[in-house]
Amino acid sequence: MNKFILTTAALMIGAAAGYYLPGQLNPTGTGAAEAKDPNEPLYWVAPMDPNYKRDKPGLSPMGMDLVPVYEEDLAGGDSPGTVSIDPVVENNLGVRTAPVWFSPLQAKISTVGYVGYDEEQQQDVHSRIAGWLEVLHVKADGEFVEEGALLYEIYSPELVTAQEEYLTAVRSGNRYLRKASAEKLVALGVPEQVIGQLRKTGKALNSIPFYAPRAGYVSMLKVRQGMYIKPATRVMRIGALDQVWVIAELFERQAAQIRKGDSARMQLDFQPGRYWGGSVDYIYPSLNEKTRTLRVRLRFGNPDLDLKPGMFARVDLLAQPTGEVLNIPASALIETGDSQRAVVALGEGKYKSVEVKTGARIGERVAILDGLYPEDRVVTSAQFMLDSESAISSDFLRMTPPTMGLIEETWAQAEVREMDADSRKVVLKHAPIRMWQQPEMVMEVPVDEAVDLNLLQPGNAVQVLLNGADMGELKITDVILPQPKAPREGGVM
């Protein structure tokens, strides 16, 4: 029985081997037919979503035809997602590129505003007693008065009584009584020169004159000659125009970009081509609930008095520049949901879509925190088409800089603390280095002979190319200083 079982098992194994081995040894057999044809697609993906893969043609969730991916698309020396374009096609597509800059960013906010009086230089004129305006020397709004100019004369029984009390005290010879009655006149607003005239003439005045407390233009004249006024009545307001305020409004999203002291530039239609320079004087603490705008007060000099209250002005506000950061044109950034990408020009007609991490968007430029390097160039036109083609097989990674060879290198943003020219060493405070997983720190680094030490002066903010993953052999092999013209391209005045 056991012999029969062993014989049967041997025959079955031999039959299986006879079936399998010929197919393996014979290139025209069944095994060869099952090998993958290199001319056939490996799989199909959605044009707008490379993660949507299928083993046969069809439609994507967006209703677009799936795109085949061949073995040759994933092979070769280029990194996944690299797209090669013929120069003629590149020209027809209108592909344009821009460098990644290492520079400060500076926001320019364009808005509108209205010219007004400098309220700190305005002064209201009130009477401290009730009475009748016998004579009003200022007839209309807008009149200019010098300091000490006669404004109006008032008749008040209360003032007549106070004058008589003072004259009685003067005649009595009691200096304490004279001083008390004189102080009463001053408290009622009687000018010092009028009190002196009383003491000199010994006769009370029916109408007491009052004078301008400061030079300026009369505004808000609310009285007329012959009116009866009380202490609560504002007779007029006087304000200077050698300096004016401009109240401008900003959108809520722009509120964090402006600080007190920032520069401002103003232009008005009545003098095209002329600009006035000023500064941000005050930022109001609350927003307008209806328009969701924030008011900002600007201060401008007006020595020639060309600026008139109520004028409409176009205003540019120039914020303080940021520190030096990597940045690209905003047109180069591709945003899809929670993903942010840029298309990098690799040279020789090759492009690759890479994932980036962005910072602040200021003007027409966007700060780049991760994903790009100082020597990169990004595509600013036709990038969506290139990104769509690259996204089919791209890993969206750009883990090493373009200059990396056998020795590990990476760019890092740093501030030079100290520099020893004799030993060619510098002390740097560098930002976190992603590819080495190294946090921000202060370290001493030797400098390669090919690097100009003048670029590494203490206090300079620089981008340095660090060579060598082994910290014991680390050295600086290249240095990039900030771009001086970046703020202008970034949307400043």
Side-chain angles (χ1 to χ4, degrees), residues 45-53 67 69 73-85 89-90 93-103 105 325-361 364-405 408-413 431-438 463-466 469 478 480 483 486:
V45 299
M48 304 301 291
D49 184 6
N51 296 319
Y52 185 85
K53 298 181 180 181
V67 178
V69 177
D73 295 332
L74 304 179
D78 294 330
S79 62
T82 300
V83 177
S84 296
I85 301 180
V89 177
E90 189 177 28
L93 289 176
V95 178
R96 292 194 297 271
T97 64
V100 177
W101 276 358
F102 172 58
S103 63
L105 295 177
V325 294
L326 289 181
N327 59 88
I328 62 173
S331 59
L333 185 65
I334 301 171
E335 297 184 273
T336 56
D338 57 355
S339 174
Q340 296 176 314
R341 301 195 296 273
V343 177
V344 179
L346 304 177
E348 300 179 352
K350 295 182 179 181
Y351 301 90
K352 176 177 168 62
S353 182
V354 299
E355 191 168 2
V356 297
K357 182 179 179 182
T358 61
R361 183 191 296 260
E364 299 300 323
R365 300 193 71 85
V366 180
I368 297 297
L369 305 180
D370 201 6
L372 296 174
Y373 297 94
E375 294 182 347
D376 283 337
R377 294 187 70 87
V378 292
V379 179
T380 59
S381 177
Q383 69 271 30
F384 291 97
M385 185 176 298
L386 295 173
D387 175 71
S388 178
E389 184 68 22
S390 174
I392 293 175
S393 58
S394 180
D395 53 10
F396 297 113
L397 299 178
R398 188 167 176 77
M399 297 301 294
T400 58
T403 56
M404 179 175 178
E408 199 164 359
E409 294 177 313
T410 187
W411 287 97
Q413 185 173 330
I433 301 176
R434 178 194 59 186
M435 68 176 299
W436 294 340
Q437 298 182 354
Q438 187 180 90
Q463 280 271 345
V464 293
L465 183 59
L466 300 176
D478 198 1
I480 294 180
Q483 294 281 342

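Everything numeric here is computed off the predicted structure, so don't read it as measured data.
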Rounding to 0.5 Å, atoms CD1 (Ile334) and OG (Ser353) come to a distance of 5.5 Å
Output all residues satisfying side-chain hydrogen bond (donor to acceptor under 3.5 Å, both in side chains) with Glu335, sequence neighbours left out; order by chain, then residue number. Gln340, Arg361
Are any of the side-chain heavy atoms of Val378 and Leu372 separated by less than 4.5 Å? yes
Measure across Asn327 and Val325 and return the closest heavy-atom pair with its distance rounded to 0.1 Å. ND2-O, 3.0 Å
Atom CZ in Arg365, atom CG in Leu326: separation rounded to 0.5 Å? 10.5 Å
Measuring from atom CD1 of Ile328 to atom CZ of Arg377, what distance do you get when rounded to the nearest 0.5 angstrom? 13.0 Å
Euclidean distance, Leu466 CG relative to Trp411 CH2, rounded to 0.5 Å: 9.5 Å
For a quick test of reading the model, state the closest non-hydrogen atom pair linking Gln463 to Gln413 and the distance between them. NE2-CB, 3.5 Å
Heavy-atom donor-acceptor pair, Asp376 side chain to Pro374 backbone, under 3.5 Å: no
How far apart are the closest heavy atoms of Leu93 and Ala382, and which atoms are they? O-CB, 3.7 Å
What are the two closest non-hydrogen atoms of Leu105 and Ala360, and how far apart are they? CD1-O, 4.5 Å
Hey, is the main chain of Gly94 close enough, under 3.5 Å, to the side chain of Ser381 for a donor-acceptor pair? yes
Checking side-chain contact (heavy atoms from CB on, under 4.5 Å) for the pair Leu333/Val356: CA distance, chi angles, key distance, verdict? CA-CA 9 Å; Leu333 185 65; Val356 297; 3.9 Å; yes
Would you say the side-chain atoms of Thr358 pair up with the backbone N or O of Ala367, donor to acceptor, closer than 3.5 Å? no
Taken to the nearest 0.5 Å, the spacing of Tyr373 OH from Thr410 OG1 works out to 5.0 Å
